[in-house]
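Keep in mind it's a predicted model, so treat the numbers as computed, not measured.
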Amino acid sequence: MKNRFAGFMDLKNMKQVDGIASYLDDGDVVFSDEGSKQQKAHIIQDTYYNVISVHDFPMIPNQDWIHLYPA
């Protein structure tokens, strides 16, 4: 791509989407039935590039994800 991902993950192009993410430990999936605590994560879509990413910054009840996004 010649634009070198200009605007990639800019807040104006991002929205939170519903989905499920698995916890990874050094690249290995940890499933809940193995006794590991599941952790919720923000699943964010860059609508310009159609890329979905999983963010591990804190989920705080009644607070929009954008307030904690490290932009």
Side-chain angles (χ1 to χ4, degrees):
M1 204 172 257
K2 293 187 179 215
N3 67 4
R4 298 180 189 251
F5 287 98
F8 181 67
M9 292 305 229
D10 280 352
L11 285 176
K12 68 181 180 184
N13 298 331
M14 293 169 49
K15 72 175 185 177
Q16 188 168 20
V17 296
D18 292 329
I20 299 172
S22 298
Y23 170 72
L24 297 179
D25 183 11
D26 288 330
D28 298 319
V29 177
V30 176
F31 297 100
S32 61
D33 61 354
E34 294 176 3
S36 175
K37 180 182 176 186
Q38 286 186 324
Q39 187 159 353
K40 293 183 179 181
H42 298 278
I43 301 176
I44 308 298
Q45 179 182 14
D46 180 311
T47 57
Y48 185 78
Y49 289 97
N50 197 27
V51 172
I52 294 177
S53 60
V54 179
H55 297 266
D56 61 356
F57 51 89
M59 292 188 85
I60 298 176
N62 302 318
Q63 190 173 55
D64 193 38
W65 69 272
I66 203 165
H67 295 293
L68 292 172
Y69 186 71

Checklist entry - CG of D46 to CZ of F5: how many Å apart, nearest 0.5 Å? => result 9.5 Å
Item to check | Y49 and N13, any side-chain heavy atoms less than 4.5 Å apart | outcome: no
Next on the checklist: I need the minimum non-hydrogen distance between M14 and M9, along with the two atoms involved.
Outcome noted: SD-O, 2.8 Å
Item to check | Nearest heavy-atom neighbours spanning V54 and I43 | outcome: CG2-CG1, 4.3 Å
Item to check | Audit row: I44, I52, side-chain contact (heavy atoms from CB on, under 4.5 Å) steps and yes/no | outcome: CA-CA 6 Å; I44 308 298; I52 294 177; over 6 Å; no
Item to check | Non-hydrogen side-chain atoms of Q45 and N50 separated by less than 4.5 Å | outcome: yes
